[in-house]
Amino acid sequence: MVIHGRQFGSIEESVEVWREFDLDLSLNASFVLPLFDKHHDEYVKFYGWSRGLKLRKETNTLKISHGTFREALLLSGAWFNPHVEIKKTERNARNILEEFLGVFPGLGVAINPWDRLAMLYTIFLSRNTDYYRNTVPWMRKILEKAKSEDKLSMVNVSSIGKSYQIKQLSMVKQDFEEIRKEMVEQDHSLNDFMNIRKRILSVKYCGPKIVHGWGLFSLGLTCLSQVDRHLLIIGKSLGIISSDDKIPSKNFCINSRCFINNDCEILNKCITYKLYKFFGDMAGWFQTAVYLYGVKYLRNGMDPYRILRR
């Protein structure tokens, strides 16, 4: 979807979104969340590109000030309408997607193609921890100190906390800074992503889950998906993932251009690639919906929509 934005000042304007679109849900399902503060029903971007942008949902419109329509649609997730995209999928995939669309009809894919270093920091810090309780507060402290991408690497992240994720970030942040120019120069194409993927994977502690999450939530490559425990549980229950399928491996991903050249040894067993072949450009939305369902329901011992009934 091509979005043409225009710049305007502090005057609030509106852009139409689909009726069910849920701004809260879409931002909370994304790594974009830490870059916003919420004041009542309004989200304010306090870091980096288009700092000061304000967003709020009202009926079937997205209210915007201090930014462009394009910035608002991408950052909010409203650019990706699953009710439209689902029509491009095959019947078997559509049947599964419709189940999750029934649970989360307002879920968009909130992305940030401007603050790419901050997005990488966020995804790096999200590993093996509670995203809302830990990652989001950590990142807000870091971003409040930095204010912009140019100063992000100067922040003493060790002062934020004592977790191993923060300690590891302090060890690799200079590596991230060194490849920042390459991250910024990459286009939104899958081909360009394959180029930068190898560079990010070359950084210590960075695996496919991190780089695929960055490709999805920074570049907007919705054919990509992160493999987490919720996806494994639900995917196996739905028959999408089999017992001999493989989680993407750093050793294979760093040496292949799988999505372009089909040159990976485990290609037909790779869960991320299988989801891409099955769901197409809905793969990232599906994985995001699965994550939300896992966090909101399965983690609390509930399955109200009987997703695991099979």
Determine whether the side chains of [X] and [Y] contain a donor N or O and an acceptor N or O closer than 3.5 Å.
X: Y132; Y: N28; answer: no
X: N191; Y: R257; answer: yes
X: N112; Y: S218; answer: no
X: S50; Y: E71; answer: yes
X: S14; Y: K63; answer: yes
X: H212; Y: R197; answer: yes

A quick test of your reading: do over 12 heavy atoms of other residues, nucleotides or ligands sit less than 6.0 Å from [atom1] of [X]?
X: W49; atom1: CH2; answer: no
X: K38; atom1: NZ; answer: yes
X: E90; atom1: CD; answer: no
X: K147; atom1: NZ; answer: yes
X: K246; atom1: NZ; answer: no
X: K250; atom1: NZ; answer: yes
X: E182; atom1: CD; answer: yes

Any side-chain to backbone donor/acceptor pair from [X] onto [Y]? Under 3.5 Å, distance only.
X: S76; Y: L23; value: no
X: Q165; Y: S126; value: no
X: Y121; Y: M139; value: no
X: W214; Y: R116; value: yes
X: Y131; Y: S30; value: yes

Find out whether the Lys NZ or Arg CZ of R127 is both under 6.0 angstrom from the six-membered ring centre of F124 and within 45° of the ring's axis.
yes
Test: D245 and K274 ion pair at under 4.0 Å
yes
Using the ring-ring contact (aromatic ring centres under 6.0 Å, His included) rule, pick out the option among Y273, F278, F279 that qualifies with Y276.
Y273
Please determine which of R94, H83, M282 meets the side chain to side chain contact (heavy atoms under 4.5 Å, CB included) test together with L101.
H83
Matching residue for R140 among V136, I142, L143 - test: side chain to side chain contact (heavy atoms under 4.5 Å, CB included)
V136
Do L53 and V44 have side chains that approach each other closer than 4.5 Å (heavy atoms only, starting at C-beta)?
no
Check: F286 and L231 side chains under 4.5 Å, non-hydrogen atoms:
yes
Compute the ring centroids of F46 and F36, then answer whether they are less than 6.0 Å apart.
no
